[in-house]
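All values below were derived from every heavy atom in this structure, side-chain atoms included, with hydrogens, water molecules and symmetry-related copies excluded.
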Amino acid sequence: GNAFKEGMRGRNLKKFLPRAFKKHLCKRVVIWYNKHMQLLQDIFGNIWFQRTIWSIIVALLSLLVYHVISRFLTAKEKKSSRILSEKKNKTFIRMLKSVIGTTIAILTGLTILQIFGINVTSMLAGVGIASIVIGFALQDALKDIIRGFEIVSDGYYEIGDLIKYGDNFGQVLSVTL
């Protein structure tokens, strides 16, 4: 108390207090900044945190791309086509949505694996070799998939059709992979 009063002799009290307060405030701000910036640097400097944030961004962008494409295709689905029947048009567009959704999901997964440092190139090479082996083993299933595309393109069955298979009756609700 007395040292403060002695230091104030000959000085204007109004000018001294704001300057002292500013110095004190600046010191407190610098201390707070250094303390919290170190914490933020520790959080954002963590490579796993950065990779997680980038993965979330990639996933959200992929969802956005799929949503935009899906809305575009839905708008096309609602408009009737002069070339194709309305049922055939719906069937093609829904199948196309399924293929695009699967492709975007696979590409998103591969991108996220790449972000986390997994060598996707060697994985794709291994998958390519494995797909050849699996392709030979699953020739009948692949033939069925190709026949499915044939059924859609030739218009045997379309969404909304009633079909009979053996003793069973049913309505075609969707055609996907």
Side-chain angles (χ1 to χ4, degrees), residues 28-139 141-155 157-161 170-177:
R28 299 303 295 168
V29 168
V30 168
I31 291 169
W32 181 88
Y33 176 81
N34 288 337
K35 180 180 176 183
H36 289 87
M37 284 311 293
Q38 184 62 43
L39 176 67
L40 291 175
Q41 287 174 351
D42 290 344
I43 291 171
F44 290 109
N46 185 340
I47 192 71
W48 292 106
F49 180 79
Q50 291 174 358
R51 289 176 178 174
T52 303
I53 293 297
W54 279 112
S55 297
I56 291 169
I57 290 170
V58 166
L60 290 175
L61 286 175
S62 297
L63 285 173
L64 178 69
V65 167
Y66 177 73
H67 182 71
V68 168
I69 291 172
S70 181
R71 287 189 68 139
F72 174 76
L73 291 174
T74 302
K76 290 291 183 187
E77 181 182 341
K78 289 180 181 177
K79 294 180 181 179
S80 60
S81 174
R82 295 179 191 161
I83 301 170
L84 302 172
S85 72
E86 189 175 331
K87 284 183 176 182
K88 190 180 244 185
N89 197 19
K90 275 186 177 181
T91 305
F92 270 129
I93 289 175
R94 288 186 185 176
M95 195 164 90
L96 185 60
K97 278 186 193 178
S98 174
V99 170
I100 289 172
T102 304
T103 303
I104 288 174
I106 290 170
L107 291 176
T108 301
L110 291 173
T111 304
I112 290 172
L113 288 174
Q114 185 73 33
I115 287 171
F116 279 100
I118 297 171
N119 189 357
V120 177
T121 313
S122 60
M123 185 187 307
L124 287 176
V127 168
I129 293 169
S131 66
I132 292 171
V133 172
I134 292 170
F136 283 128
L138 299 175
Q139 283 181 351
L142 291 174
K143 287 178 189 174
D144 290 342
I145 291 172
I146 292 169
R147 286 186 190 126
F149 281 114
E150 232 177 87
I151 287 172
V152 171
S153 65
D154 290 344
Y157 306 112
E158 297 171 347
I159 293 176
D161 286 350
Q171 183 178 13
V172 178
L173 299 176
S174 68
V175 180
T176 63
L177 292 180

Peer 1: Can you tell me how far the OG atom of S62 sits from the NE2 atom of H67, to the nearest 0.5 Å?
Peer 2: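 Between atom OG of S62 and atom NE2 of H67 there are 14.5 Å.
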Peer 1: Measuring from I112:CD1 to L107:CG, what's the distance to the nearest 0.5 Å?
Peer 2: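 Reported value, rounded in 0.5 Å steps: 11.0 Å.
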Peer 1: Rounded at 0.5 Å granularity, tell me how far OG1 in T103 sits from CG in L96.
Peer 2: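 Between T103 OG1 and L96 CG, I get 9.5 Å after rounding to 0.5 Å.
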Peer 1: Do you know the tightest heavy-atom contact between T108 and A59?
Peer 2: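 Smallest interatomic distance, heavy atoms only, reads CG2-CA, 4.1 Å.
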Peer 1: When rounded to the nearest 0.5 angstrom, what distance separates CG in L124 from OG in S131?
Peer 2: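 L124 CG to S131 OG: 10.0 Å, rounded to 0.5 Å.
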Peer 1: How far apart are the closest heavy atoms of L110 and V120, and which atoms are they?
Peer 2: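 Heavy atoms of L110 and V120 come nearest at O-CG2, 3.4 Å.
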Peer 1: Side-chain contact, heavy-atom cut-off 4.5 Å: I47 with Q50?
Peer 2: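 Sidechains of Q50 and I47: in contact.
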Peer 1: Mind listing the closest non-hydrogen atom pair of Y66 and I100 along with its distance?
Peer 2: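 The pair with the smallest heavy-atom distance is CD1-CG2, 4.4 Å.
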Peer 1: Using the rule side-chain contact (heavy atoms from CB on, under 4.5 Å), only one of V133, I134, I132 pairs with F136; which is it?
Peer 2: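 For F136, the side-chain contact (heavy atoms from CB on, under 4.5 Å) test succeeds with only one of V133, I134, I132, which is I132.
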Peer 1: Measure from NZ or CZ of R51 to the centre of the six-membered ring of W48, then state whether that distance is under 6.0 Å and the direction lies within 45° of the axis.
Peer 2: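 Yes, R51 lies over the aromatic ring of W48.
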Peer 1: CG/L64 to CD1/I57 distance, rounded to the nearest 0.5 angstrom?
Peer 2: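 Result: 13.0 Å between the selected atoms.
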Peer 1: Working to the nearest 0.5 Å, report the span between CD1 of I56 and CD1 of I115.
Peer 2: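 Answer rounded to 0.5 Å: 10.5 Å.
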Peer 1: Counting only heavy atoms not in F72, do more than 12 sit closer than 6.0 Å to its CZ atom?
Peer 2: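 Not more than 12 within 6.0 Å, no.
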